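For reference, the structure is listed below as structure tokens.
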Amino acid sequence: MAYDKFTTLTSQAVPLPIENIDTDQIIPARFLKAVERKGFGDNLFRDWRYDKSNLPIADFPLNQSKYSGKILVGGKNFGSGSSREHAAWAIYDYGFRVVVSSFFADIFQGNALNNGILPVVVSPEFLEKIFAAIEADQNTLFEVDLQKQKFTICITGESTGFNINPYKKHCMTHGLDDIDYLLSMKEEIAAFEKK
Amino acid sequence: MEAKTLFDKIWDSHVVKEVEGGPSVLYIDQHLIHEVTSPVAFLGLEKRGAKVLRPEKTVATPDHNVPTINQHLSIKDEMSRNQVEMLKRNCQTHGIVCHGLGSEGHGVVHIIGPEMGITQPGMTIVCGDSHTSTHGAFGAIAFGIGTSEVEMVLASQCIMQPKPKKMLISVNGNLNKGVTAKDIALYVIAQISTSGGTGYFVEFAGTAIESLSMEGRMTLCNMSIECGARGGMIAPDQTTFDYVKGRQFAPKGEDWDKALAYWKTLKSDVGVSYDTVYTYDAADIEPMITFGTNPGMGIGITHNIPNSNKLSGSDKLTYEKSLKYMGYSEGDQMVGKQIDYVFVGSCTNGRIEDFRNFAAFVKGKQKAANVTAWIVPGSRAVEKQIIAEGLVEILEAAGFELRQPGCSACLAMNDDKIPEGKYSVSTSNRNFEGRQGPGARTLLASPLTAAAAAIMGRITDPRDFLD
Ligand code: SF4
């Protein structure tokens, strides 16, 4: 699935200071019945966002108009649980391009990268600073520079580096995915099969 | 020669290419697909104008969405029906074998693979479902993947993967009475937490592990991912070979001898090092039960819910949120708590041994009136065996009814949903908020502990009934 190239992003951020946000919360199983990749953003965090009568739950950050932006900041161990890529689709479809946490579950991290979402791992202390910065001013801006692998709290100028595998970085900056790469390897794969 | 782990041996022999500064291109021997995570992958493939490279190395079955009663009727829920039909159509178009609803081979994808002898030692196996780790019980590298990766494997029979770190979890000694593989799994996750294994592939070893049946090993490897690991595996031994031998897709004759000679080399070399090692004593493990909203929140059944004194900041808030969802308080005793539902099934505990254990426990007793029980075999083959062994009669005499195979209340994508606020003792693998239905409260446990709860109508130590 093609996605937009990613170079730099300056945006506000939405805070979700909850730990172990699992994929069943990001997108509950009952929304996995689609056979196309469409409309998942509407059901992102469905059961935290809406009550039983489908009314928005006022104090959930995604429902608070004071928060906006393309950066989602979550507590540690973000994305644990199932391999459902729908979780990444929902986050992307809602409009987020970056998820920041102090720790990501493995499969989610891979799925995010395969779908144009940049997972940014920061230290627990830096994560607290980000939450504090949003708390102080929900309009505060953050800059994500993929080339320099740098995440900055604009107002204070405090920044931190983050890791990304060089191959994945190349893919993200060019909007390429692994399948393009694998399809170009047909002969090597055939040769391997003969061994 | 450099000493290698079991994991290294299999991984290294499947690397087609190392991408510079990137992941390895890993060749996949067996791909399993189901109706939920494959449709978008097929769509992607078609958009690229690509074909399935090796359709004979993919096997399909619809399991997540299917009803567990009246499977001969058309599926009522339109979207579920659509997914199931889409799988069938995609398989037809691309020449993939699909074990459809109602067919002899139908069942939960991680149950039918081993049953048919498709799962074999030394293989690389992937599926768009995190519990693919189940197949690691045979000494295979098996792990769950996302839909993009499903598309990758369809298109190229390969996947791009960074090599994980290696962890050894060793459990030694004799298991106590009433303690099963499920309890080992919940115990280990409670020890290392739901993120303790992140970035790792786990090898389970030790005398307590070697003593497990293949069913038990599958339960343990199935749950290995709940500690965050990519997967878990156990070196194949005589128990493994005996299980595989004679199954439909197992090698036969000379091929068997050749395969067996290779499989016997599949163990970690003496003196090899791991990135992390944990060692546990089987004697310390008692029947386990979870009290919170992730699989790491488990305790020995006689224990009380730990208090949050030692936690601070967001750890404490998360803990409190979890207990609030469950309607429990710190310090509560688990034994004696009232329950409403019991679910026996899923790729964790939906195999014949699980139903034998459950039936042996409930034999001659009666289901508690306040309990609704869903007894769901993992596959048609398991269902048939339950009938052949006479377990149905035992179950029915005790007030239980056997349903038809599928994932069922493990993730409640079909009609098997636990109502809001109700307590469910479940032999599945996840107790996340809403996993078994919006507002449902899940307590993970072994089939034996589930049986005790079903009979007493409240959480009960199964050992009270064992002699
Ligand atoms: S039984 Fe549960 S965990 Fe297993 S494949 Fe089905 S939904 Fe996934």
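When reading the values below, keep in mind they use all heavy atoms of this one structure, side chains included, and skip hydrogens, waters and symmetry mates. Naming: A, B, ... by sequence-line order, numbering from 1 per chain. Because the structure is a prediction, the values reported are computed rather than measured.
A distance of 8.0 Å separates CG in N20(A) from OG1 in T293(B), rounded to the nearest 0.5 Å. Annotation: the span from M152(B) atom CE to D178(A) atom CG amounts to 4.0 Å, rounded to 0.5 Å. How far OG of S193(B) is from CG of N77(A): 7.0 Å, rounded to the nearest 0.5 Å.
Put simply, the side chain of Q25(A) reaches to within 4.5 Å of the side chain of F432(B), judged on heavy atoms. Residues S148(B) and N111(A) fail the side-chain proximity criterion, which asks for heavy atoms closer than 4.5 Å. In this structure the side chain of I107(A) reaches within 4.5 angstrom of the side chain of S130(B), judged on heavy atoms. No side-chain heavy atom of E35(B) sits less than 4.5 Å from a side-chain heavy atom of V35(A). Taking the side chain as every heavy atom from C-beta outward, E433(B) and D24(A) never approach each other to under 4.5 Å. A heavy-atom distance below 4.5 Å is found between the side chains of V25(B) and Y181(A). T194(B) is not listed as a side-chain neighbour of S80(A), based on a closest heavy-atom distance of 4.5 Å or more.
At a 4.5 Å heavy-atom cutoff, E226(B) makes no contact with chain A through either its backbone or its side chain. At a 4.5 Å heavy-atom cutoff, V150(B) makes no contact with chain A through either its backbone or its side chain. Contact of L53(B) with chain A is made through the side chain alone, with heavy-atom distances under 4.5 Å. Contacts between K76(A) and chain B at a heavy-atom distance below 4.5 Å involve the side chain alone, from C-beta outward. Only the side chain of F103(A) comes within contact range of chain B, judged by heavy atoms closer than 4.5 Å. Only the side chain of K321(B) comes within contact range of chain A, with heavy atoms under 4.5 Å apart. Both the backbone and the side chain of P23(B) have a heavy atom closer than 4.5 Å to some heavy atom of chain A. The contact between E193(A) and chain B is made entirely by side chain atoms (from C-beta outward), counting heavy-atom distances below 4.5 Å. Looking at F192(A), the atoms closer than 4.5 Å to chain B (heavy atoms on both sides) all sit in the side chain, from C-beta outward. Heavy atoms of D106(A) lying under 4.5 Å from chain B belong to its backbone as well as its side chain. The contact between M86(B) and chain A is made entirely by side chain atoms (from C-beta outward), counting heavy-atom distances below 4.5 Å.
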### W89(A)/T147(B) under side-chain contact (heavy atoms from CB on, under 4.5 Å): CA gap, chis, key distance, verdict
CA-CA 10 Å; W89(A) 300 342; T147(B) 298; 3.7 Å; yes
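In terms of heavy atoms, E149(B) sits closest to N114(A) at CG-ND2, 3.9 Å. The nearest pair of heavy atoms linking I179(A) to E151(B) is CD1-CD, 3.3 Å. Scanning all heavy atoms of the two residues, the minimum distance from Y27(B) to I189(A) falls at CE1-CG2, 4.1 Å.
Atom NZ of K57(B) sits in a crowded spot, with more than 12 heavy atoms from other residues, nucleotides or ligands closer than 6.0 Å. Heavy-atom contacts from other residues, nucleotides or ligands closer than 6.0 Å to CG of N54(A) number more than 12. In D415(B), the CG atom is not crowded: 12 or fewer heavy atoms of neighbouring residues, nucleotides or ligands sit closer than 6.0 Å. Enclosure of atom NZ in K163(B) by more than 12 non-hydrogen atoms of other residues, nucleotides or ligands within 6.0 angstrom is indicated. Few gaps surround CG on L311(B); more than 12 heavy atoms of other groups in view lie less than 6.0 Å from it. For NZ of K316(B), the number of neighbouring non-hydrogen atoms (other residues, nucleotides, ligands) closer than 6.0 Å is greater than 12. Within a 6.0 Å radius of CD in E135(A), other residues, nucleotides and ligands contribute 12 heavy atoms or fewer. Other residues, nucleotides and ligands contribute only 12 or fewer heavy atoms inside 6.0 Å of the CD atom of E78(B).
By number of non-hydrogen pairs under 4.5 angstrom with chain B, the leading residue of G110(A), A191(A), G81(A) is G81(A). Ranked by heavy-atom pairs under 4.5 Å with chain B, the first of K168(A), M185(A), H170(A), Q109(A) is M185(A). The residue among L317(B), N294(B), I145(B), N82(B) with the most heavy atom pairs within less than 4.5 Å of chain A is I145(B). In terms of non-hydrogen atom pairs under 4.5 Å with chain A, the most contact-rich of G434(B), G44(B), G296(B), G199(B) is G199(B). In terms of heavy-atom pairs under 4.5 Å with chain B, the best-connected choice from G75(A), P28(A), A105(A), A34(A) is A34(A). Options A50(B), S156(B), S80(B) differ in how many heavy-atom pairs under 4.5 Å they form with chain A, and the most are formed by S156(B).
A donor-acceptor contact shorter than 3.5 Å is absent between the side chain of E36(A) and the backbone of V40(B). Side chain of Q83(B) to main chain of L32(A): a donor-acceptor pair is present (N/O by atom type, distance under 3.5 Å, no hydrogens or angles). Counting only distance, with no hydrogens or angles, the side chain of K33(A) and the backbone of M413(B) share a donor-acceptor pair below 3.5 Å.
Using a 4.0 Å cut-off between charged nitrogen and carboxylate oxygen, R30(A) and D77(B) do not count as a salt-bridge pair. With respect to the salt-bridge test (charged N to carboxylate O, under 4.0 angstrom), the residues D22(A) and R435(B) do not qualify. Salt-bridge check for R84(A) with D129(B): failed, with every basic side-chain N at 4.0 Å or more from each acidic carboxylate O.
Donor-acceptor pairing under 3.5 Å is lacking for the side chains of E85(A) and T37(B).
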